[in-house]
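Structure, as structure tokens:
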Amino acid sequence: MGLAQYAIVAVESHWSVLHDGNVDGDYPTKEAAFESAAAAATLAIKQGHEVHLSVPGNDSERSNY
């Protein structure tokens with residue numbers, strides 16, 4: 001199976017999930033975006049994929065995607 005990569009990213013004043021080159025979702029907190037990505041990652045694991053999930057720390061600068 002393949003590799004499923006999820007990254008929590010800041011987009012202006014909200015958070016989103018970057019997956020397969022697409023930025024999806026509009027979450028008010030980083031934690032909410034993480035919960036969404038974790039649910040998707042769980043499905044990917046069940047399908048046999050290797051999973052990478054990254055979340056920036058509080059000291060990271062917010063970038064615009």
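Cluster annotation: Tyr6 is not connected to Leu43 through the hydrophobic network of ILVMFWY side chains, with a link wherever side-chain heavy atoms come within less than 4.5 Å.
Scanning both residues, Ser16 and Val23, for their nearest heavy atoms gives CB-CG1, 3.4 Å. Of all heavy-atom pairs spanning Leu3 and His49, the tightest one is N-ND1, 4.4 Å. Contact detail for Trp15 and Pro56: the closest heavy-atom pair is CZ3-CG, 3.9 Å.
Glu12 and His14 form no side-chain donor-acceptor contact under 3.5 Å, judged by distance and modelled atom types alone.
At least one side-chain heavy atom of Phe34 sits under 4.5 Å from a side-chain heavy atom of Leu53.
A donor-acceptor contact shorter than 3.5 Å links the side chain of His19 to the backbone of Gln5.
A 6.0 Å sphere centred on OH of Tyr27 holds more than 12 heavy atoms belonging to other residues, nucleotides or ligands.
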Q | Derivation and outcome, side chain to side chain contact (heavy atoms under 4.5 Å, CB included), residues Val17 and Ile8 | A | CA-CA 5 Å; Val17 178; Ile8 307 307; 4.0 Å; yes
